[in-house]
Amino acid sequence: MSITTFDTAGTREATPVSSGRLELDNAALEAAKRSLEKGAVTPSYGPWREDIIKLLNDALATEIVCTLRYKRHYFTAKGLASPKIAEEFLVHANEETAHGDMIAERIVQLGGEPDFAPTTLMSRSHADYDESLDLQAMIRANLIAERVAIEAYGQMIKLIGDKDSTTRRMLESILSQEQEHADELSDWLTP
């Protein structure tokens with residue numbers, strides 16, 4: 001158990017108290033009754049909320065860049081095997097768009113603003129854009145981007161840990177789908 005106090009700025013400070021029992025922090029529950037304009041953001045978010053919003057905005061940029069790359073590849077894929085693979089590129093593009101939407105919604109829930117600014121997308125994205133015209137090069141570029149996204153989401157999940165379970169679960173769900181994308185792309189590279 002901990003005793004929670006709040007300084008004049010409303011910042012939560014927990015002082016651990018060992019009672020040997022599992023008990024809710026009543027002061028934090030009372031604090032949750034105030035600052036209603038913050039929506040779902042309660043004092044338990046502590047000092048990490050802004051860092052999590054930054055991580056999520058960078059992930060949002062990554063999802064947007066991935067959507068754009070997959071869309072370009074969908075429209076420009078040529079060759080005998082291209083119709084089936086191009087259709088999968090479109091499926092992946094739509095799933096990346098859905099990931100971005102989930103991330104943007106979570107940013108708003110945390111009291112932040114989703115950053116859709118086109119001028120900074122590439123500098124904030126973990127993945128690269130690609131203008132390849134060769135089908136194998138497209139598959140390879142998308143596989144590299146998926147592997148980068150997998151690594152980034154894995155790191156974000158570890159960083160967030162128990163600081164924000166809702167965001168962590170959302171990222172775990174996105175990570176699972178990115179792993180499926182990578183498996184499919186990897187299979188297409190195999191002759």
Side-chain angles (χ1 to χ4, degrees), residues 40 51-161 164-191:
D51 292 339
I52 292 170
I53 290 170
K54 164 81 169 80
L55 289 170
L56 291 176
N57 263 316
D58 291 351
L60 175 60
T62 303
E63 294 296 344
I64 293 168
V65 169
C66 287
T67 298
L68 295 173
R69 187 188 57 257
Y70 273 123
K71 284 277 197 162
R72 177 181 167 80
H73 291 170
Y74 166 71
F75 285 110
T76 60
K78 303 276 188 262
L80 191 59
S82 67
K84 181 177 177 357
I85 293 175
E87 285 300 319
E88 259 328 288
F89 286 162
L90 182 59
V91 168
H92 288 199
N94 292 334
E95 290 171 348
E96 303 296 351
T97 299
H99 297 165
D101 291 349
M102 286 190 292
I103 292 168
E105 183 177 0
R106 184 65 186 145
I107 291 168
V108 171
Q109 289 171 349
L110 290 171
E113 295 181 12
D115 187 350
F116 286 92
T119 55
T120 61
L121 278 178
M122 287 306 303
S123 64
R124 292 182 293 116
S125 174
H126 304 118
D128 295 327
Y129 184 73
D130 178 75
E131 296 181 352
S132 296
L133 293 174
D134 174 73
L135 191 59
Q136 286 295 307
M138 290 177 185
I139 294 168
R140 184 174 175 74
N142 286 311
L143 178 56
I144 289 169
E146 292 295 355
R147 289 175 50 83
V148 168
I150 289 165
E151 179 63 24
Y153 284 125
Q155 288 185 29
M156 289 172 63
I157 290 164
K158 287 178 187 171
L159 285 170
I160 293 170
D164 179 353
S165 60
T166 301
T167 298
R168 185 191 70 241
R169 285 191 310 271
M170 176 193 71
L171 295 175
E172 289 169 344
S173 170
I174 292 171
L175 174 60
S176 176
Q177 201 159 44
E178 302 294 13
Q179 290 168 331
E180 290 174 17
H181 292 175
D183 283 343
E184 289 174 357
L185 292 163
S186 180
D187 288 346
W188 296 336
L189 280 179
T190 307

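In this text, all values refer to a predicted model and were calculated from it rather than measured experimentally.
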| field | Worked verdict on His99 versus Met102 for side-chain contact (heavy atoms from CB on, under 4.5 Å) | value | CA-CA 5 Å; His99 297 165; Met102 286 190 292; 3.9 Å; yes
Looking at [atom1] of [X] and [atom2] of [Y], how far apart are the two atoms once the value is rounded to the nearest 0.5 Å?
| X | Y | atom1 | atom2 | value |
| --- | --- | --- | --- | --- |
| Gln177 | Leu175 | CD | CG | 10.5 Å |
| Leu55 | Tyr153 | CG | OH | 11.0 Å |
| Glu63 | Leu56 | CD | CG | 11.0 Å |
| Leu60 | Ile53 | CG | CD1 | 12.5 Å |
| Arg106 | Asp164 | CZ | CG | 4.5 Å |
| His92 | Thr97 | NE2 | OG1 | 12.5 Å |

| query | Can Leu135 and Lys78 be said to form a side-chain contact (heavy atoms from CB on, under 4.5 Å), step by step? | reply | CA-CA 7 Å; Leu135 191 59; Lys78 303 276 188 262; over 6 Å; no
Nearest non-hydrogen partners of [X] and [Y], listed with the distance:
| X | Y | answer |
| --- | --- | --- |
| Met156 | Ala59 | CE-CB, 4.1 Å |
| Ala141 | Arg69 | O-NE, 4.3 Å |
| Met122 | Ala127 | CE-O, 4.2 Å |
| Cys66 | Ala145 | SG-CB, 4.4 Å |
| Tyr74 | Ala86 | CD1-O, 2.9 Å |

Does the side chain of [Y] come within less than 4.5 Å of [X]'s, by heavy atoms?
| X | Y | result |
| --- | --- | --- |
| Glu96 | Glu178 | yes |
| Gln155 | Glu151 | yes |
| Val148 | Thr62 | no |
| Lys54 | Asp51 | no |
| Pro114 | Val108 | yes |

| field | salt bridge (Lys or Arg N to Asp or Glu O under 4.0 Å) against Arg72, all qualifying residues, sequence neighbours excluded | value |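 Result, salt bridge (Lys or Arg N to Asp or Glu O under 4.0 Å) vs Arg72: none returned.
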| request: Look only at the side chain of Asn57 and the backbone of Asp115, and say whether a donor-acceptor pair between them is shorter than 3.5 Å. | output: yes
| task | Give me the ring orientation class for Phe89 and Tyr70: parallel if the planes are under 30° apart, tilted from 30 to 60°, perpendicular past 60°. | result |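 The arrangement is tilted - the two ring planes meet at 30° to 60°.
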| So, Glu172 and Arg168, do they make that salt bridge, N to O below 4.0 Å? |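 Salt bridge present between Glu172 and Arg168.
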| said: Under a 3.5 Å cutoff, is there a donor and acceptor pairing between the side chains of Ser132 and Asp130? | reply: yes
| message | Regarding Asn142 and His73, do their side chains bring together a donor and an acceptor under 3.5 Å, going by distance alone? | response |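 Asn142 vs His73: donor-acceptor pair found between side chains.
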| request: Starting from the C-alpha separation in whole Å, work towards a yes-or-no answer on side-chain contact (heavy atoms from CB on, under 4.5 Å) for Glu95 and Val91. | output: CA-CA 6 Å; Glu95 290 171 348; Val91 168; 3.7 Å; yes
| request: Have a look at Met138 and tell me which of Leu143, Ile85, Thr76 forms a side chain to side chain contact (heavy atoms under 4.5 Å, CB included) with it. | output: Thr76
| Step by step, would you call Lys71 with Leu68 a side-chain contact (heavy atoms from CB on, under 4.5 Å)? | CA-CA 5 Å; Lys71 284 277 197 162; Leu68 295 173; 5.7 Å; no
| Flag if over 12 foreign heavy atoms under 6.0 Å of CZ, Arg124 |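 Enclosed: over 12 neighbouring heavy atoms sit under 6.0 Å from CZ of Arg124.
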